[in-house]
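Chain A is the first sequence line, chain B the second, and so forth, proteins listed ahead of strands; every chain is numbered from 1.
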Number of protein chains: 2
Amino acid sequence: MSTIAHRPLRADARRNREKVLAAAAAAFAESGLEAQIEDIARRAGVGVGTVYRHFPTKEALVEALAGEHFERLADIAEAALEQHGTPWEVFATAVWRCAGAAAGDVAWCELIGGHPSTTQAAAGGQARLAAAMSALIGRARQDGAMRADATVDDVRTIMCGFGHVAAAQRAGAGLDWERYLEIALDGLRAR
Amino acid sequence: MSTIAHRPLRADARRNREKVLAAAAAAFAESGLEAQIEDIARRAGVGVGTVYRHFPTKEALVEALAGEHFERLADIAEAALEQHGTPWEVFATAVWRCAGAAAGDVAWCELIGGHPSTTQAAAGGQARLAAAMSALIGRARQDGAMRADATVDDVRTIMCGFGHVAAAQRAGAGLDWERYLEIALDGLRAR
DNA sequence: CGTTAACATGAAGGTCGGTTCCGCTTTGCC
DNA sequence: GGCAAAGCGGAACCGACCTTCATGTTAACG
């Protein structure tokens, strides 16, 4: 996108940037998107000003992390493309892995359903994820194991619901995201 | 619960109470739980002080509405108990009606997954809903149309996911709650 | 080692939104 | 009609958070 050549960061700045990113990941995972900048700064062992030096706004921080998250999901889905097994198993395993990767992270659960602030930075990862998932779905449909009208958007829809269930579970609502996925994936199977 | 004998409200006060309740329902439906008291007051044509006279806190207002909502869902589920048709159809129809009743209301979608603030006032409706749903599920399982291990919590889980999907759809995420329900209910069917 | 540009700090500023409070109005009752 | 008591209005208050900025610190380079 931007072609501005950033001069390399000073050593301490690069170190702090990483600390902030890690602290933000932890804070968002624990408290969701409403985690506070001051808490993030404290966890990172820096002042709030330092956080703002690296990320002009809270949303930019969220976007940076969301980008990473979707890249990770895309990695999972792409790795599945090379896996052995029935197409359905391969697909289902990929979905389970994605869900497992997101389940412990409140902010991730909140974002996975298509939060507006992800649109920018996460576009690349989301596109890769969609492409890989599409392929997995195509194979499973061809094989006859998946309902013939299934689409990537169905999976997105299911993951969106998943996010709420996992977050509610974490909040003590007595739900179970694994049970949720079991049922939802069953709904994608051919009858 | 409370056995305090409230003296009857003055006529204007009763009228205002209703106006506030209606305005709050509209505002929450449109903007979700983060609708603002001042907006509610404006819609009701009263001052914020009047809102606070009737509901000591924003949360109390939410609870009052949540109570109404769950009563309505319970009514739907109980009405289904008397319906004709295969047990599965009767169950599925009840779920579709509940979803349809909630889908247009952002706050309702947010609450349906078990938001903490519902716990108090909505307990009665939730209990009735659970009881009726339990009966519907029992019949459908008996009939062999529903998976043998299905429980009320499964339906709660599905509805929790539904809430996020419907809210995301309203926010323009390009999802479709009807498709979601179709898949999720299919996942509850016996194979 | 000295210079300087980059960086860090955290108190202060700004905003937003829930809640309070006191002077004024309306209702209900004699 | 007159009087409490109940109710109303909305400016002001207050706390929570994001963001900025003036001042002090540190890495990089000659």
Using a cut-off of less than 4.0 Å, is there contact between a side-chain N or O of Thr57(A) and OP1 or OP2 of dT19(D)? yes
Distance below 4.0 Å between Thr50(B) side-chain N/O and dG7(D) OP1 or OP2: no
Please tell me whether Trp88(A) and Phe91(A) form a close aromatic pair, meaning their ring centres lie under 6.0 Å apart. yes
Carboxylate-amine/guanidinium proximity below 4.0 Å for [X] and [Y]:
X: Arg179(B); Y: Asp149(A); result: yes
X: Asp75(A); Y: Arg72(A); result: no
X: Arg43(B); Y: Glu30(B); result: yes

Considering every strand and a 4.0 Å limit on heavy-atom distances, what is the contact class for Ala44(A): base, sugar-phosphate, or nothing? nothing
Write down the distance between [atom1] ([X]) and [atom2] ([N]), rounded to a whole number of angstrom.
X: His54(A); N: dA6(C); atom1: NE2; atom2: C1'; value: 11 Å
X: Phe55(A); N: dC17(D); atom1: CZ; atom2: C1'; value: 19 Å
X: Arg42(A); N: dA8(C); atom1: CZ; atom2: P; value: 19 Å
X: Leu9(B); N: dA6(D); atom1: CG; atom2: C1'; value: 10 Å
X: Ile40(B); N: dG18(C); atom1: CD1; atom2: P; value: 8 Å
X: Tyr52(A); N: dG14(C); atom1: OH; atom2: C1'; value: 12 Å
X: Leu61(A); N: dT19(D); atom1: CG; atom2: P; value: 10 Å
X: Asn16(A); N: dA6(C); atom1: CG; atom2: C1'; value: 12 Å

Step by step, work out the side-chain contact (heavy atoms from CB on, under 4.5 Å) result for Leu33(B) and Val106(B). CA-CA 8 Å; Leu33(B) 259 14; Val106(B) 182; over 6 Å; no
Assert: residue with more 5' nearest nucleotide on DNA chain C, out of Val48(A) and Ile37(B), is Val48(A)
For Arg53(A) and Lys58(B), find the nucleotide of DNA chain C closest to each by heavy atoms; which residue's nucleotide sits nearer the 5' end? Arg53(A)
Between the base of dA6(C) and the side chain of Arg10(A), is there a donor-acceptor distance below 3.5 Å? yes
